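Everything below concerns the one structure shown next.
Only a predicted model underlies this, so the values are computations on that prediction, with no experimental measurement involved. Order of the sequence lines sets the chain letters (A, B, ...), proteins ahead of strands, with each chain counted from 1.
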There are 2 protein chains.
Amino acid sequence: MDERVREHAAMLVDWSARVDAGDDVVVSVAEDAHDLGVAVAEALGERGATVTTLYGSDELSRAYLKGAEAGVDSGDSDDSGDSDDSGDADDADDTPIFDDDLAVDRAIFEAADAYLRIGGGRNTTATADVSPETRRAYAKARKGVREARMDTDWVSTVHPTRSLAQQAGMAYEEYRDFVYDAVLRDWEALAAEMSEMKAVLDAGEEVRLVTERDDAPDTDVTMSIAGRTAVNSAASVAYDSHNLPSGEVFTAPYDTAGEAFFDVPMTIDATRVRDVRLVFEGGEVVDFAAEAGEDALADILDTDAGARRLGELGIGMNRGIDRFTDSILFDEKMGDTVHMAVGRAYDACLPEGESGNDSAVHVDMISDVSERSRMEVDGEVVQRDGTFRWEDGFEE
Amino acid sequence: MDERVREHAAMLVDWSARVDAGDDVVVSVAEDAHDLGVAVAEALGERGATVTTLYGSDELSRAYLKGAEAGVDSGDSDDSGDSDDSGDADDADDTPIFDDDLAVDRAIFEAADAYLRIGGGRNTTATADVSPETRRAYAKARKGVREARMDTDWVSTVHPTRSLAQQAGMAYEEYRDFVYDAVLRDWEALAAEMSEMKAVLDAGEEVRLVTERDDAPDTDVTMSIAGRTAVNSAASVAYDSHNLPSGEVFTAPYDTAGEAFFDVPMTIDATRVRDVRLVFEGGEVVDFAAEAGEDALADILDTDAGARRLGELGIGMNRGIDRFTDSILFDEKMGDTVHMAVGRAYDACLPEGESGNDSAVHVDMISDVSERSRMEVDGEVVQRDGTFRWEDGFEE
């Protein structure tokens, strides 16, 4: 085993999840993420934690959902006394109704101290033929489970697989180097740097982001952050940070107005989405367009009322990530980028007891801010062309 | 996907576990058992059940246990202030102490209606270098979890993997045919035949098994079965049967006396065991020997007081299984065989509220009874040379 797999496991268990002896830890292992699962199990045994291992297989999820769709179809044909192929016209009625009393899954996360999700997989489009309606119905049924899971010390990471390398357009060995460069960092040093950004956002009331590139539509968007707390996301639950790698500072904005353009390509629910433009009025998306995947974007925005409002503004600060790989875990953390998410806000950004934007979705969209851009907080420039105020080369 | 994989999944879900809409089903998927996991997930979606998938990886288990051993080692060296390699002399103190408050695992099985264990794996000796002491300590810590699991509608099966084919000494395609011949049977017809054997055992008070082969030590052993109920193990929880394939009738004997010889080779905790001889007095093993694996056998018998008494007498009646494959799931069900297990008895064989032989272990040993053998119940011959009283060719 590559020694970096063991280092990754130790980073996940010790730095990220802060596992102690006696902790009950649930680990989800994706297809082809076996090696990191083994290294994590070994680390948990050594720390004196308990371990329960879930199989996070996209192909199993797809089979379950397709089975549920088939179950509805055959149920319909029973009712009508007709043959199976009569049901094609009423697709809307073919969406399965999922049991939302998920006793086992809820029990798992209610009993767990920590949850370590190891992504990976053998095909990033393994669930491509599941209908958006079925996905949404299942996501809604799992809301309670998701909430219980987010009450644990949860951390999401990936094991570098060939499928993810392909998604990134990289050779396998090259992609492994990329992942470990992003993950195996001096997180304490990065946390110290990110605390500067957090201080600015915590003190600020309004953020304005402007980009004026020749080759892309302009961004000029303002949002309120008054009363909100920024998260110094240093890849550890001790920082309210739940991704490994991380390396961003994010907060929960509101009252967004203006236009924003997101030029970094991404994949949402197995659909390629590119060059998204969102128009905000009174905190809501009132118009949108995309060069590719506009239907998928429309589906997201139509999920519920909260899906048209921002849940997150994030500033990428991990300079160990040097390219886009079509994986949100990495892309949104990259230095010289800013992202905004429509949908659910994170509780850590909100005053105690106050609830932020609520939604079944949370979809991040990313802008490259390395050139001809500026971010202002209360009228003062904090970042210009990717360089922060406290860095060498910053120009007011 | 081979259509037999889907047939296997349907047999498991419908015939064996009797899954209904709304049932909460936990599925454990071994390494390389992915395809059957996918087919089972699809079937569960279609039936309207919920699914939670565990990853039943032997390599993860081994890593966790080796990590726990390493944790003890480093703990010892902390105490002594000495270097790691000083600990080799006190192996006994190096056995990890496992947390027996397994909140997550217990919660899973307390909440589950059914548990489907899909074995498979990539290496049947994947845990070979874990010490017997560590195995035993972990098995003891998991006693509560095991009991909660056995209170569900649980069923154990295997997906045919290359590793299991190798264990059986068979080509992969050949082994797949073997597994599906054993699994995809007319279980109702076999249940009807097995009910004859159950009737004999339920009415009987004493069983005597005699073998007199030239090439092996004799067996002549008697045991009481008065008051015990035989299980017609027809591969369905509706028959108190929890294996797919099954095809045996078993009961919980006591007061065993005499000598028994088990000629079918088997693998216990990654150790090859062959030609076991057990001598019983007053219900207990008082002497034992084995041509191979005698130490592993001694470890088993020393586990606890119940490990020296029989928990099971079983009569194999699945004639779809035509050879030994060094897998207890198949070997003990084969026609022309009888097996006895030291250790834990199954509740289904006992009068309501009465507890049978209790132990942390349950280890089956098998005799070929195809030649020069007879089984008597209360002095009447029920099976001679493998042929039952109700079959053509039976000789009194």
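- The shortest side-chain heavy-atom distance between A/Val104 and B/Thr50 does not fall under the 4.5 Å cut-off.
- A/Arg106 contributes atom CZ, which lies 9.0 Å from atom CG of B/Asp24 (distance to the nearest 0.5 angstrom).
- For B/Asp113, no part lies near chain A; criterion is any non-hydrogen pair under 4.5 Å.
- Counting heavy-atom neighbours within 6.0 Å of A/Arg162 CZ, excluding the residue itself, gives a total of 12 or less.
- B/Glu69 does not touch chain A: none of its heavy atoms, backbone or side chain, sits under 4.5 Å away.
- Looking at A/Asp105 and B/Thr52, their side chains do bring a donor and an acceptor atom within 3.5 Å of each other.
- Contact of B/Arg142 with chain A is not made at all, since no heavy-atom distance falls under 4.5 Å.
- By the 6.0 Å contact criterion, CD on B/Gln167 is enclosed, its count of non-hydrogen atoms from other residues, nucleotides or ligands being greater than 12.
- A/Ala49 touches chain B through its backbone: at least one of N, CA, C or O sits under 4.5 Å from a heavy atom, while the side chain does not.
- Of the listed residues (B/Gly45, B/Ser57, B/Ser61, B/Ala68), the one with the most heavy-atom contacts under 4.5 Å to chain A is B/Gly45.
- Counting heavy-atom pairs under 4.5 Å between each of A/Val29, A/Ile97, A/Val51 and chain B puts A/Val51 at the top.
- Ring geometry for B/Tyr55 versus A/His34: interplanar angle over 60°, hence perpendicular rather than tilted (30 to 60°).
- With chain B as the partner, the residue from A/Glu31, A/Arg62, A/Arg47, A/Lys66 showing the most heavy-atom pairs under 4.5 Å is A/Glu31.
- Around the CZ atom of B/Arg122, the shell of radius 6.0 Å holds more than 12 heavy atoms that belong to other residues, nucleotides or ligands.
- Of the listed residues (A/Gly56, A/Ala112, A/Ala103), the one with the most heavy-atom contacts under 4.5 Å to chain B is A/Ala103.
- When each of A/Leu44, A/Thr53, A/Val27 is paired with B/Leu60, the side chain to side chain contact (heavy atoms under 4.5 Å, CB included) condition holds for A/Thr53 and for no other.
- Around atom CD of A/Glu133, more than 12 heavy atoms belonging to other residues, nucleotides or ligands sit under 6.0 Å away.
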